[in-house]
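Here's the structure we're looking at; comments come further down.
So you know, we letter chains A, B, ... as the sequences are listed, proteins then strands, and number each from 1. Computed over heavy atoms, backbone and side chain alike; hydrogens, waters and symmetry mates excluded.
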2 protein chains.
Amino acid sequence: MATLLIDERPKLEAEHPCFGCAVRHVSICGVLASGELRTFRQSGTTVRHGAGATIFFEGDPADSVYTLTSGTLRLSKLLPDGRRQIAGFIFPGDFLGLTMEDEHAFTAEAITEAELCRFPRRRFDAFLDEHPHLERRLYLLAAHELAAARQQVVLLGRKTAAERVISFLLMLASRCRKEGGVADRVVLPMSRSDIADYLGLRIETVSRELSALKAARLIQMTDTHTIRLLDPEQLEALAEG
Amino acid sequence: MATLLIDERPKLEAEHPCFGCAVRHVSICGVLASGELRTFRQSGTTVRHGAGATIFFEGDPADSVYTLTSGTLRLSKLLPDGRRQIAGFIFPGDFLGLTMEDEHAFTAEAITEAELCRFPRRRFDAFLDEHPHLERRLYLLAAHELAAARQQVVLLGRKTAAERVISFLLMLASRCRKEGGVADRVVLPMSRSDIADYLGLRIETVSRELSALKAARLIQMTDTHTIRLLDPEQLEALAEG
DNA sequence: CGAGCGATTGATCGCCATCAAAGTGGGTGG
DNA sequence: CCACCCACTTTGATGGCGATCAATCGCTCG
């Protein structure tokens, strides 16, 4: 029995790359039966992007959808004069390219090296027609993103700089926890500039607030991209005023 | 032929209140065939709320969904210390209560007197199971709301007070246009306080910016709740910096 | 070792918030 | 019908938070 598993596993993966996919169960593919998955896989291709690369620009025709399998992306929009707002970060398992319009409203860029599953939109839509239960999954996905966007609206509309930075750290910590990681050790793959543009602040302000939290012994920074939450309880209280 | 129409119409409406519904074709019900509609209607009830009334509070169990048939609502959230952020306004034809959580994340209140179609969530879900094409409609709806929320994120994160107010006016004008109204005459059913809490500003700032636009001959105010856009082109340019 | 980029820290400025007061309009009761 | 009230809006004066300008630090890479 055990030997069968050991022998069979690699063969399955060779036919079905998805079986080896780290995010299969969390992504949209999770609801697919094995036979469906094969068909689905055949309509997609794997793409790799180096850090800083652009997956698509705002205004580009939205003719593909993606699942991120590794790395981190940012979704951003530029105002004509260069001001930038980041609408969200995309982590492994997240879906990308979901839109009703013909054009993408936001630019998607790789923060770290990233790997994605790319599906031509036409094929994806056709597949959707044949598998109606995928639509519920898609709806759940959209509802989830909507909740996140509205949380960001509250943050940007009414929170102070300190509250924004704390909320951001807690958000990342919560995502860490859901993925089974340790709760109080947060990795920030993005730069201060990305954080600032996500929180509607300037990099100097983000830096200052982090320094203040460090001085208050609420966080610890081993390096600039790794933060340890020393008092999650109090941070939680501070995040909401 | 004409007499038949005249005679038959009221009878149809008596059996099928939805036929007389002003928002049937734009709301989620629009995809339903007549037979389906009858079933759907039977699972819903009409509710009325006076101006200022609360439809549900954030934290209330999300056991109903609604379609707004007349009036205007606001979706808001309070921070512990009383700061309020409005995440969106709900207009006739819009869907309300759409959430994946067990509890509503936002409070829904009537700005003007409002009329809604209320559906118990269990029945709605059951109906959804039997009519899979409704799920696509629902997905489209969520995607639309997501786009609106992200637009608000950009507004709150990176726009100045003047740009926010102009963007708001243009948003309402665009909605007016879609509903076949005149493009340059905008009605604001909500108070200055509601506008401020939507735009992440204070009422004084909203008032000042409106006065400035009036002084610049870009808008006209017949009364505090009716605004005429005198130069939509230039307003459009000013809205994006 | 120096160039170059990102992050931090410091000094000052400006937009919008806050505090304050006056204007407006609609509804009520005398 | 008018006087009064109350809530909402507008306008004015001042202040503070976060932006801006500027310098330094620390790291990686050539």
Side-chain angles (χ1 to χ4, degrees), chain A residues 51-52 74 79 81-86 109 111-112 155-169 187-216 219-227 238 241, chain B residues 50-52 74 79 81-86 109 111-113 155-169 187-216 219-227 238 241:
Chain A
R74 60 172 174 251
L79 294 188
D81 64 356
R83 281 173 285 176
R84 185 179 71 151
Q85 178 63 41
I86 292 182
E109 290 156 309
I111 288 175
T112 64
L155 180 146
L156 293 171
R158 287 299 176 217
K159 291 195 181 181
T160 65
E163 289 162 357
R164 293 182 200 198
V165 170
I166 297 174
S167 299
F168 179 69
L169 293 179
V187 176
L188 314 169
M190 67 292 288
S191 68
R192 296 290 187 265
S193 173
D194 287 337
I195 299 175
D197 285 349
Y198 178 73
L199 298 178
L201 301 169
R202 318 262 61 202
I203 41 176
E204 296 95 327
T205 304
V206 171
S207 186
R208 265 185 259 272
E209 295 301 338
L210 286 174
S211 297
L213 288 174
K214 200 167 58 175
I219 65 169
Q220 226 172 23
M221 283 196 280
T222 62
D223 67 296
T224 52
H225 291 279
T226 312
I227 287 180
L238 289 172
Chain B
R74 62 174 173 250
L79 294 188
D81 64 356
R83 281 173 286 177
R84 184 179 72 150
Q85 177 64 41
I86 291 182
E109 292 156 308
I111 287 175
T112 65
E113 181 170 68
L155 180 147
L156 293 172
R158 286 302 177 217
K159 292 196 181 180
T160 65
E163 289 163 356
R164 293 183 200 197
V165 170
I166 296 175
S167 298
F168 179 69
L169 294 178
V187 177
L188 313 168
M190 67 292 288
S191 68
R192 295 291 185 264
S193 174
D194 287 337
I195 299 175
D197 285 348
Y198 179 73
L199 297 178
L201 301 170
R202 318 262 63 204
I203 41 177
E204 296 96 328
T205 303
V206 171
S207 184
R208 265 185 260 272
E209 295 300 339
L210 286 174
S211 298
L213 288 174
K214 200 168 57 177
I219 66 169
Q220 228 171 23
M221 283 195 282
T222 62
D223 67 296
T224 53
H225 291 278
T226 312
I227 288 181
L238 289 172

Exercise. In this structure, which one of A/Asp194, A/Asp223, A/Ile227, A/Thr224 forms a side chain to side chain contact (heavy atoms under 4.5 Å, CB included) with A/Leu188?
Worked result: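 The side chain to side chain contact (heavy atoms under 4.5 Å, CB included) with A/Leu188 is passed solely by A/Ile227 among A/Asp194, A/Asp223, A/Ile227, A/Thr224.
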
Problem set entry | Positive for side chain to side chain contact (heavy atoms under 4.5 Å, CB included) with B/Gln85, one of B/Leu79, B/Leu156, B/Leu199 |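 With B/Gln85 as partner, B/Leu79, B/Leu156, B/Leu199 yield a single side chain to side chain contact (heavy atoms under 4.5 Å, CB included), made by B/Leu156.
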
Protein-nucleotide distance ([X], atom [atom1]; [N], atom [atom2]), rounded to Å:
X	N	atom1	atom2	result
B/Ile111	D/dC8	CD1	P	13 Å
A/Arg83	C/dC15	CZ	C1'	13 Å
A/Arg164	D/dC17	CZ	P	14 Å
A/Asp197	D/dG18	CG	C1'	15 Å
A/Lys159	C/dA17	NZ	P	18 Å
A/Glu163	D/dC17	CD	P	12 Å
A/Leu201	D/dT20	CG	P	11 Å
B/Arg202	D/dC17	CZ	C1'	14 Å

Exercise. So do the side chains of B/Thr205 and B/Glu209 get within less than 4.5 Å of each other, counting heavy atoms only?
Worked result: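 SC-SC contact between B/Thr205 and B/Glu209 confirmed.
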
Exercise. Given side chains that start at C-beta, do those of B/Leu213 and B/Met221 come closer than 4.5 Å, heavy atoms only?
Worked result: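 Result no, sub-4.5 Å side-chain heavy-atom pair not found.
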
For this session: Indicate for each nucleotide in nucleotides 6-12 of chain C, in 5' to 3' sequence, whether protein heavy atoms under 4.0 Å reach the base (B), only the sugar-phosphate (S), or nothing (-).
Result: -SBBBB-

Exercise. Considering all heavy atoms of both residues, which atom of B/Leu201 and which atom of A/Arg158 are nearest to each other, and what is their separation?
Worked result: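 In this case the closest contact between B/Leu201 and A/Arg158 is O-NH2, 2.8 Å.
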
Exercise. Do the side chain of A/Ser167 and the main chain of A/Glu163 share a donor and acceptor less than 3.5 angstrom apart?
Worked result: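 Looks like yes, one N/O pair under 3.5 Å.
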
